[in-house]
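Worksheet for the structure shown next.
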Amino acid sequence: QVQLEESGGGVVQPGASLRLSCLASGGTAAYYAMGWFRQAPGKERAFVAAISAKGGGSTHYADYADSAKGRFAISRSSDDTLVTLQMNNLKPDDTAVYYCAAGTSLGTLNAGTAINLWGKGTLVTVSS
């Protein structure tokens, strides 16, 4: 059974950058689309970004929430053990617990459905 563990959260000032990591262990995550969600205080968990499993070629496809486009970048290691979320120009509205997730496709992750695995989350606080 694959397990997901997030790291990299912390307290930063507006405009700063953070890189979140999600380590997949206990099995291969190669066949999962991987993504990041976040849950701000008092709000529902929301989709942030996702990256596809490797298809017939070597290309991964990525999908982003509107709030993340142009500021965040998702990537995964070639051995599919690590998924990272590079977050730049952070804003106070980005404050949330960030969760790593594994699902069947970009579409299901974006829709928040058919999520096979969740991590326990890492807290990101953006405050001056």
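- Here the closest non-hydrogen pair linking M34 and C100 is CE-SG, 3.9 Å.
- R71 meets the salt bridge (Lys or Arg N to Asp or Glu O under 4.0 Å) test with D94; sequence neighbours excluded.
- Remark: Y64 pairs with no residue by the ring-ring contact (aromatic ring centres under 6.0 Å, His included) rule, at least two apart or across chains.
- Between the side chain of T122 and the backbone N or O of Y98 there is no donor-acceptor pair closer than 3.5 Å.
- Pairing each heavy atom of V2 with each of T28, the nearest pair is CG2-O, 3.4 Å.
- Hydrophobic clustering (ILVMFWY, side-chain heavy atoms < 4.5 Å, transitive): W118 and V97 are in one cluster.
- In plain terms, the two heavy atoms of V12 and A16 that are nearest each other are CB-CB, 3.8 Å.
- The two residues L123 and A96 make their nearest non-hydrogen contact at CD1-O, 3.6 Å.
- Residue L20 holds its CG atom at 9.0 Å from CD of Q86, rounded to the nearest 0.5 Å.
- Taking 4.5 Å as the limit, every side-chain heavy atom of V124 sits out of range of all side-chain heavy atoms of T95.
- Between P92 and S127 there is no side-chain heavy-atom pair separated by less than 4.5 Å.
- Counting heavy atoms of neighbouring residues, nucleotides and ligands inside a 6.0 Å radius, atom CD of Q39 exceeds 12 of them.
- Using modelled atom types, no side-chain atom of R45 and backbone atom of Y99 make a donor-acceptor pair closer than 3.5 Å.
- Between F47 and W36, a ring centre-to-centre spacing not shorter than 6.0 Å is recorded.
- A donor-acceptor contact shorter than 3.5 Å is absent between the side chain of Q1 and the backbone of G27.
- One hydrophobic cluster, built from ILVMFWY side chains closer than 4.5 Å, cannot hold both L109 and F72; they sit in different ones.
- The minimum heavy-atom distance linking A62 with I74 is given by the pair CB-CG2, 3.9 Å.
- Inter-residue side-chain proximity for R76 and H60 is flagged as met; some heavy-atom pair is nearer than 4.5 Å.
- A side-chain contact (heavy atoms from CB on, under 4.5 Å) with L85 is found for one member of L18, I51, V48 and no other, namely V48.
- Counting all heavy atoms, side chain and backbone alike, R38 lies closest to S67 at NH2-OG, 3.4 Å.
- For the residue pair T113 and T108, no side-chain donor N or O sits within less than 3.5 Å of a side-chain acceptor on the partner.
- Residues L90 and Q13 fail the side-chain proximity criterion, which asks for heavy atoms closer than 4.5 Å.
- The backbone N or O of Y61 lies less than 3.5 Å from a partner atom in the side chain of S52, making a donor-acceptor pair.
- Residue Q3 qualifies as open at atom CD: its count of foreign heavy atoms under 6.0 Å is 12 or below.
- Applying the 4.5 Å side-chain rule to ILVMFWY residues, one finds L23 in the same cluster as L82.
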Begin from the C-alpha positions of S75 and T84 and carry the test side chain to side chain donor-acceptor pair (under 3.5 Å) through to its verdict.
-> CA-CA 5 Å; S75 61; T84 61; 2.6 Å; yes
